Student: 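Below: one structure in structure tokens.
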There are 2 protein chains.
Amino acid sequence: MAANSRNDPRLFDSSYSYGQLTSLTGFALRRASLLDFGKFGDSVGDRAITPLRYSLLEVVGANPGLQQVELAKILGLSKPAATLGLDFWEKRNCISRRKDRDDRRSYGIYLTEQGEATLAQLRDNVRQHDERLTTCLSDEELLQLRTLLRRIYSG
Amino acid sequence: MAANSRNDPRLFDSSYSYGQLTSLTGFALRRASLLDFGKFGDSVGDRAITPLRYSLLEVVGANPGLQQVELAKILGLSKPAATLGLDFWEKRNCISRRKDRDDRRSYGIYLTEQGEATLAQLRDNVRQHDERLTTCLSDEELLQLRTLLRRIYSG
DNA sequence: GGTCAATGGTTATTGACAATAACTATATCT
DNA sequence: AGATATAGTTATTGTCAATAACCATTGACC
């Protein structure tokens, strides 16, 4: 089921005044982000796969053998959040935790074959989703937007 | 207390690979938005005032006599979310609900004097907060960014 | 070598938040 | 009048993530 109109902040109603909100970058970021988030589950065909969970899998895939603590740091998560997120993918046989021989407190995280396949599929769906979100922008504008956003969040 | 490093997604660690994430607009939006959100409470000097609650007050101030249902639609909220949000401000004597004479099911929402003062103060703090978030951008870039974001979220 | 602090990870507890559903009251349509 | 729709609130539920407490292992230091 598609997000209903109540949850769809795309419906910007210009017959009302938004006060100072329309001149705040933070407000614009939130609206755009919520819009993205709201459609994400449908786009990837599985409501359970949130942007966060997807990003987990992506980072694990890009950094085989990563520690959980590192993963958490990369994505700005708490330790428990990383644990839970990985539990989710482990239940789906997409990642495995291998005890590190040298430091037996920690695990190395790896994609399973199933995980590789799932990630490949997800990547495509997510890329398409992302393109749909930004169809209203030209390639140049898109590049510009990402560059500016990156400047903000990598401070 | 400032947000701790675990919650601060500004710490973008380029010694790891982010896979496809860095080329997704949605990812960039989320990171920037979370960064904004994380500092908001501190910026306005009151942890209880979230961006959502602030936006409520802003919209009420800009549209005196608004119905709750309209308010909800403007901000993409559910009816209960609007009710709760207004309860918050009503407890603080910042808004009042006046029964509409013509349609006694609905209320008109108005700022109280207290609400006007609070909003005025908030506006300043929020504007400063927003400027801090984007100090890394020139005025021109900022304008560009807002324009592009607006195109996205107003479909 | 033995204690003690620090680190990786999990579990337990809690709180915030928002969504749906159900309910009350009022309005509208026929 | 009776059926239906609408404004608003309350109740219930589920998700999410954060903190704190906990276990196991490591490493530093005396």
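Order of the sequence lines fixes the chain letters, A, B, ..., with proteins taken first and strands second; residue numbering starts at 1 for each chain. Here the structure is a predicted model, which is why all the values come from computation and not from measurement.
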Student: What is the distance, to the nearest angstrom, from the CD1 atom on A/Ile49 to the P atom on D/dT15?
Tutor: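 Spelled out: CD1 on A/Ile49 to P on D/dT15 is 16 Å.
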Student: Please report the distance, rounded to the nearest Å, between CG in A/Leu66 and C1' in C/dG9.
Tutor: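 From A/Leu66 CG to C/dG9 C1': 14 Å.
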Student: Under a 4.5 Å cut-off applied to non-hydrogen side-chain atoms, are A/Leu35 and B/Leu29 in contact?
Tutor: no
Student: Starting from C1' on D/dG8, measure out to CD1 on B/Ile95 and report it in whole angstrom.
Tutor: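 After rounding, the gap between these two atoms is 13 Å.
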Student: A/Leu77 has an atom CG; how far is it from atom C1' of C/dG8, in whole Å?
Tutor: 16 Å
Student: Out of C/dG8, D/dT19, D/dA7, which nucleotide sits closest to the side chain of B/Val69?
Tutor: D/dA7
Student: Flag this pair as yes if the NZ/CZ of B/Arg98 is under 6.0 angstrom from the six-membered ring centre of B/Tyr110 and inside a 45 degree cone about the axis; otherwise no.
Tutor: yes
Student: Need one value for B/Asp87: base, sugar-phosphate or nothing, where a base atom within 4.0 Å counts as base even if backbone is also close, heavy atoms only.
Tutor: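 The residue B/Asp87 makes no contact with any strand.
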Student: Is there a side-chain contact between A/Arg104 and the phosphate of D/dT25, meaning an N or O under 4.0 Å from OP1 or OP2?
Tutor: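 It does, given that an N or O in the side chain of A/Arg104 lies less than 4.0 Å from OP1 or OP2 of D/dT25.
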Student: State which of C/dT10, D/dT9, D/dT26 makes the closest approach to the side chain of B/Arg97.
Tutor: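 Among C/dT10, D/dT9, D/dT26, the one nearest the side chain of B/Arg97 is D/dT9.
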Student: If the test is side chain to side chain contact (heavy atoms under 4.5 Å, CB included), which one of B/Thr112, B/Thr118, B/Leu119, B/Val60 qualifies with B/Trp89?
Tutor: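 Result for side chain to side chain contact (heavy atoms under 4.5 Å, CB included) with B/Trp89: B/Thr118.
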Student: By nearest heavy atom, map A/Leu84 and A/Arg105 onto DNA chain C; which one lands nearer the 5' end?
Tutor: A/Arg105
Student: How close or far is atom P of D/dA18 from atom CZ of B/Arg47, stated in whole angstroms?
Tutor: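 Checked: the CZ to P distance equals 13 Å.
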Student: According to a strict under-4.0 Å criterion, is B/Thr83 in side-chain N/O contact with OP1 or OP2 of D/dT9?
Tutor: yes
Student: Can you check the B/Lys73 NZ to D/dG8 C1' distance for me, whole Å?
Tutor: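 Computing the B/Lys73:NZ to D/dG8:C1' distance gives 16 Å.
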Student: How close or far is atom P of D/dT9 from atom NZ of B/Lys91, stated in whole angstroms?
Tutor: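 Rounded to whole Å, this separation is 12 Å.
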Student: Is there a side-chain contact between B/Tyr54 and B/His129 in this structure, where contact means two heavy atoms from C-beta onward sitting under 4.5 Å apart?
Tutor: no
Student: Please check the phosphate of D/dT9 (OP1 and OP2 only) for any side-chain N or O of B/Gln68 closer than 4.0 Å.
Tutor: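 Yes, within the criterion.
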Student: Which nucleotide wins on minimum distance to the side chain of B/Pro80, given the candidates C/dG9, C/dA27, C/dT20?
Tutor: C/dT20
Student: Measure from the side-chain heavy atoms of A/Lys79 and tell me the nearest of C/dA18, C/dA19, C/dT10.
Tutor: C/dT10
Student: Rounded to the nearest Å, what distance is computed from the CG atom of residue B/Asp103 to the P atom of nucleotide C/dT28?
Tutor: 6 Å
Student: Are the side chains of A/Asp100 and A/Tyr107 in touch, meaning some heavy atoms are under 4.5 Å apart?
Tutor: no
Student: Both A/Arg101 and A/Leu52 contact DNA chain D. Which one's nearest nucleotide lies toward the 5' end?
Tutor: A/Leu52
Student: Please confirm whether the shortest side-chain N or O distance from B/Ser106 to OP1 or OP2 of D/dA7 is below 4.0 Å.
Tutor: no
